[in-house]
Each structure stands twice: as structure tokens, then as C-alpha cells.
Enquirer: 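After the C-alpha cells below, expect a handful of questions from me.
We use all heavy atoms of the structure for the numbers below, so side chains are in, but hydrogens, waters and symmetry mates are not. Just so it is clear: chains get the letters A, B, ... in the order the sequence lines come, proteins before strands, and each one is counted from 1.
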Amino acid sequence: MEKNVRTRFAPSPTGFLHIGGVRTALFNYLYAKQNGGQFILRLEDTDRERYIEEGVEQIVDSLQWLGLQPDEGFWISEGEHQNIEFVQSKRHESGVYGKYIDTLLASGLAYRDWTSNEQLDQLREQAKQEKRAFLFRKNMATTESDESQPHVVRLDVSACAETIKEWKDFVEWDEPVRGNLHQKLADIDDFILQKSDGFPTYNFANVIDDHEMQITHVLRGDEFIASTAKHILLYKALGFEAPQFVHLPVINGTDGKKLSKRTGDTNTLDYRDNGYLPDALLCFLAQLGWNDGTEQEIFTLKELAEKFSLERINNSPATFDEKRLEWVNGQFIRQLSTHDLYEKVGNYWPDSAKDSDEKYKLKILELAQDRLKTLKDLQQFGYFFTDPQPNMGLIEKNKQLSKISPERRAELIKQTKNALESSDFTSEAIQETLNQLLKDTGEKPGILFSLIRIHTTWAPFSPQLNETLALLGRDTTVSRLSKTS
RNA sequence: GGUCCCUUCGUCUAGUGGUUAGGACAUCAGGUUCUCAUCCUGAAAACACGGGUUCGACUCCCGUAGGGAUCACCA
């Protein structure tokens with residue numbers, strides 16, 4: 001019997017949650033769900049300098065919007081904020097980390113160090129000059145008997161190595177995709193466990209919490225590979241069992257380089273505001289670094305949870321392609337029933353739509369559904385709600401229409417108006433009328449239909465003409481045609 | 001610079017010694033009695049390079065190059 005799977009997502013409130021973080025959260029969520037385990041949300045806020053108040057709210061809002069509901073965490077569901085068991089700064093206050101520091105100190109696996117930042121800078125500079133990596137060792141430590149003076153606590157790597165006979169020269173571990181990874185013990189720094197302000201460092205708090213929260217699988221970004229050996233060393237030093245580590249390939253920006261302001265380092269909530277569906281974003285993200293080996297492209301969250309597997313995670317970095325996200329989003333929009341879509345559209349309607357009734361909007365949605373890439377695209381359909389401003393540029397830009405004299409255009413519109421006035425005004429009847437008009441005027445559809453569309457919508461494009469007119473209704477159609485003739 | 005990770009169409013990827021190297025996005029062309037979109041059909045488009053191993057390498061090994069991470073009292 002496998003032990004109960006417990007995964008976690010542990011963001012820091014130092015900025016907004018971007019898609020790289022979402023992908024990490026998603027994989028942890030999927031793996032927990034797949035195994036009937038728990039997905040835990042922990043807040044790593046030990047860095048008081050970079051702490052951003054809105055950061056927490058932003059993380060919660062993002063995960064809530066995406067539907068990545070944690071089973072345990074500092075936020076579980078609406079109204080249950082700040083469950084302090086999962087907030088590192090609160091845990092620190094209640095002495096969680098201090099007692100482990102004491103243990104380590106007592107067993108000689110850690111030591112106190114009063115070295116100043118200035119001294120450290122000097123040592124680093126020296127190492128740089130000598131073209132080697134800087135490693136802190138116990139014999140470099142500044143000792144002082146006065147423990148009330150600010151100082152840090154460091155792990156004594158050599159002492160750990162001696163105590164733990166398990167390894168000769170390496171810290172080794174296995175991952176599902178990358179296989180065996182290792183790091184020389186001699187290359188591991190005597191890293192800091194407790195800062196001079198008494199707070200635990202990430203490296204320390206992370207290990208303690210993952211152990212206390214009984215995390216079994218840690219899925220995290222690639223950038224943590226380098227510190228994994230430190231973590232494992234710490235697990236051993238404390239006599240804990242280390243979790244299974246799985247390092248995820250990075251997601252690069254649109255230019256193939258690291259995510260940055262210009263290339264996709266976007267606040268997750270911006271995707272919501274720009275009309276993306278959470279399931280679409282998730283589906284897209286899931287396939288950045290993972291796929292199920294079939295040719296299926298569209299997955300629901302549930303399907304992802306069923307099919308996800310650690311073994312099929314890629315190990316090479318992926319580039320974020322917004323065009324593909326748009327396509328995926330369009331696919332999700334098209335799969336929805338018109339009614340479900342209506343529910344999700346919320347306030348993406350143009351402002352002019354606020355007085356229209358649900359029935360009318362549903363009809364518009366029926367026509368619009370196939371042409372939406374994002375919910376925001378609905379903004380283009382303002383002409384269904386208010387009379388649009390004539391824009392002669394549309395006619396001038398039209399290759400065929402621009403060749404026809406204004407007099408002829410006026411005549412055609414008048415003729416159309418007259419014919420339409422006596423039409424039944426169902427979309428079928430309108431189509432018949434239009435076809436008859438084609439015969440009567442001798443014009444090609446490219447000219448007549450374009451002309452009518454432009455004069456009724458003043459938009460560069462619209463749904464099929466007969467459907468559009470039917471929805472607009474006879475009165476509106478005729479009145480718009482009258483105005484311009 | 002040390003250590004570590006990565007390398008299939010422009011992009012996401014399939015592929016685990018023998019394939020016409022497959023799919024999707026994007027692009028281009030055509031079709032769906034007008035536009036835009038949807039949908040359909042088609043085209044162009046890739047194994048970073050060099051050595052091995054092998055009857056045979058995209059697949060295994062070793063180099064090279066390129067990209068990335070890390071080397072914080074940040075996470």
C-alpha cells in the first residue's frame with residue numbers, strides 16, 4: 001500500500017503569482033488529486049523585507065479563480081483566511097523552528113556565526129579572484145561568547161558528512177524523469193539556517209515544514225535543483241525522511257528567454273481580466289512540460305488529474321506561446337453550451353449591453369460563440385445594442401465598394417431597405433429577400449452584402465448577414481439603412 | 001569562473017536501435033453562395049555539431065557548441 005500522497009504549493013507573497021507559479025501549483029494539485037491525497041497551500045513569508053501585503057490576497061484570488069482548491073492551507077475556502085498553521089511567520093512566532101535549531105546546535109551539526117556582512121563580502125571577493133565558488137566553513141566563522149549579539153546559525157556540512165555514513169562523497173537522489181542526481185558534499189556551503197533577525201531561512205523552514213506537514217512529493221521549479229542537496233542533507237541531519245523531489249522545467253517568455261515584464265511575466269489575474277477561461281489556462285499550462293503521449297490537445301481539469309503522471313513530465317524548458325493559449329481558450333469556449341457560456345461571460349459584455357435582456361444576449365452569444373477567442377472579444381459586438389457611428393473608412397478600404405459611386409450605393413441601400421421592410425424577418429426569409437435582391441440588382445454578393453453589413457453594423461466584420469439582421473430586427477435594420485441612405 | 005541541468009519543425013510536443021520522423025499552434029494556399037471567425041482540405045517547416053558503439057542511430061556512449069539554473073542573513 002502506497003502511503004498517502006501529500007503535495008504542497010508554497011508561494012512567497014513577494015509579488016504577484018505568475019504562470020510559472022500556476023503551473024507548479026497545478027502539477028502539485030493534479031498529483032495529489034490523482035492519488036486521492038491532499039494538496040496543501042503554505043505561505044512562505046519569512047522574508048520581511050520583500051513582503052507585499054496584497055501578495056497574499058493576489059495568490060488566493062488567483063488560485064480561487066483557477067479552481068485549484070487546497071485541502072489544507074492558509075486559505076481553504078471563502079471566509080477561511082489566515083489559518084496560521086500554514087503561515088511561516090506565524091509558525092516562527094510559535095517557536096516551531098527554534099526547537100529544531102536547538103537540537104542541531106546541541107548535537108554539533110550546526111554552529112553560531114557572528115561574521116559580519118562586510119567580512120562575508122571580502123571572503124566572496126577573494127573567492128571570485130581565485131575563480132572558485134565561495135563556500136563557508138566552520139573554521140571561517142567568527143565566534144563570540146555573547147549570544148545576545150546578532151548572529152546566524154549555519155549547518156556544519158562536514159560534521160553532517162561524518163555523522164551520516166550513508167554517503168561517501170556525494171548527496172544523491174532519484175527523480176522520475178531526470179534519474180539519478182547528485183552533488184558533491186565538498187561543494188555544499190555551510191548555509192544559513194537562522195538569520196540574524198531570528199527568522200528561519202527558506203532552506204530551513206522549507207524542510208521543517210515539509211516534514212511536519214508530512215509532504216511526500218515536492219514538485220517545484222528547476223531553479224531548486226541546486227539547493228536540493230542542502231535540503232536532503234538537512235533532512236538526514238534531523239533524522240527525517242526526505243520527500244520525493246520532482247523538478248519541473250522552466251517556462252520561458254515569448255522570446256524564449258526567462259519570463260520578464262515584456263515577455264509574459266504576467267499577473268495570473270490579468271488572464272482572467274482578459275477573458276481567458278481558467279480551465280483553458282490550466283489545460284494550456286499542463287502541456288508546457290507534460291503530455292499524456294496521445295494526440296489529445298484539450299483536457300478538462302478532471303481528465304488531467306486522471307492522466308497526469310510524473311514519468312511523463314519533460315525535462316527541457318518550454319516557451320510560452322500566447323497564440324496557442326488563445327486557440328485553447330477558443331476551443332473551451334466552443335465546447336460550452338450557450339447557456340454555460342452565458343454564465344461565464346459575466347461582465348465582458350460591452351457597456352451598451354447593460355439594459356438588454358437575457359434572451360437577446362443568449363441569441364447574440366449563439367452567433368458569437370464560434371468567433372470568440374477570449375470573452376473579451378465580445379466587446380466587438382456593440383452594434384447589437386446601440387446604433388454604431390458611421391465610419392466611411394470601411395467603405396473606402398473595401399476594394400470592391402470603393403469603386404462604386406456614392407449614388408449607386410445609395411440606390412442599392414434604398415432598394416434593400418424597401419425589400420426588407422416587407423420581409424418576414426426570420427433569418428430564412430431575410431436570406432430569400434437578399435437572394436432576390438442579388439438577382440434584381442445584378443450585383444455580386446461581395447458588393448451587395450458587404451454594403452449592407454457595413455451600413456447596419458459599421459464594423460469590419462460580423463456574423464452571417466441574414467442572422468445578424470434577423471437579430472437586429474426589422475425596425476433597427478430599416479432605421480439604420482434609412483439613416484445612411 | 002565552480003557546480004548542476006537542458007538541446008526534435010518558428011512554438012508546444014510524439015518518438016526509448018530499423019518510421020516517408022507523427023500531431024497541434026502559428027504561417028501560406030484552397031473550399032464553406034459577403035467580411036471576420038469557426039469548420040474542412042492541402043503546403044511549407046525539425047532530430048545543434050563532431051566522433052564513436054552497432055549490420056543499422058533522433059534514439060546508447062564520449063566530446064564540442066549553444067542555452068539555462070545556482071553560487072544571498074531571496075525564495
Enquirer: Please work out which residues in residues 184-199 of chain A have a non-hydrogen atom less than 4.0 Å from an atom of RNA chain B and list them by number.
Expert: A:D187, A:I192, A:K195, A:S196
Enquirer: Using atom P in both nucleotides, what's the gap between B:A21 and B:U3 to the nearest angstrom?
Expert: 40 Å
Enquirer: Would one find a side-chain N or O of A:N314 under 4.0 angstrom from OP1 or OP2 of B:A14?
Expert: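 So the side chain of A:N314 is within the cut-off, an N or O lying under 4.0 Å from OP1 or OP2 of B:A14.
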Enquirer: Taking all non-hydrogen atoms of both residues, which atom of A:L41 and which atom of A:P11 are closest, and how far apart?
Expert: CD1-CD, 3.9 Å
Enquirer: With a non-hydrogen cut-off below 4.0 angstrom, is A:E49 in contact with a base, only sugar-phosphate, or nothing?
Expert: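 Answer is nothing: A:E49 stays at 4.0 Å or more from every strand.
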Enquirer: Contact class for A:P463 vs. all strands (heavy atom < 4.0 Å): base, sugar-phosphate, or nothing?
Expert: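 Base, at least one base atom sits under 4.0 Å.
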Enquirer: So, OP1 or OP2 of B:C12: does either fall under 4.0 Å of a side-chain N or O from A:T319?
Expert: yes
Enquirer: For atom C1', what is the distance between B:A26 and B:C4, given to the nearest Å?
Expert: 34 Å
Enquirer: Looking at A:F204, A:W173, A:Y202, A:F224, which hits ring-ring contact (aromatic ring centres under 6.0 Å, His included) with A:H231?
Expert: A:Y202
Enquirer: With a non-hydrogen cut-off below 4.0 angstrom, is A:L465 in contact with a base, only sugar-phosphate, or nothing?
Expert: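 Here A:L465 touches the bases of the nucleic acid.
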Enquirer: How does protein contact run along nucleotides 27-33 of chain B, one letter per nucleotide 5' to 3', with B for base contact, S for sugar-phosphate only, - for none, heavy atoms under 4.0 Å?
Expert: ------B
Enquirer: Within less than 4.0 Å of OP1 or OP2 of B:C6, is there a side-chain N or O belonging to A:N315?
Expert: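 It does, given that an N or O in the side chain of A:N315 lies less than 4.0 Å from OP1 or OP2 of B:C6.
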Enquirer: Can you tell me how far P in B:U20 sits from the matching atom in B:U70, rounded to whole Å?
Expert: 44 Å
Enquirer: Sugar-phosphate atoms are those with a prime plus P, OP1 and OP2; base atoms are the rest. Using that split, label each nucleotide of nucleotides 37-44 of chain B B, S or - for protein heavy atoms under 4.0 Å, 5' to 3'.
Expert: BSS-----
Enquirer: Base, sugar-phosphate, or nothing for A:R48, non-hydrogen atoms under 4.0 angstrom?
Expert: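 A:R48: no heavy atom of the nucleic acid under 4.0 Å.
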Enquirer: Between B:C28 and B:G18, how far apart are the two P atoms, rounded to whole Å?
Expert: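 Here B:C28 and B:G18 have their P atoms 37 Å from each other.
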Enquirer: Please determine whether a side-chain nitrogen or oxygen atom of A:R124 lies at a distance below 4.0 Å from atom OP1 or OP2 of B:G2.
Expert: no
Enquirer: With rounding to whole Å, what would you report as the distance between B:A69 and B:C61 at their C1' atoms?
Expert: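 Here B:A69 and B:C61 have their C1' atoms 26 Å from each other.
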Enquirer: If I pick the C1' atom on B:U16 and the same atom on B:C60, what distance separates them, to the nearest angstrom?
Expert: 10 Å
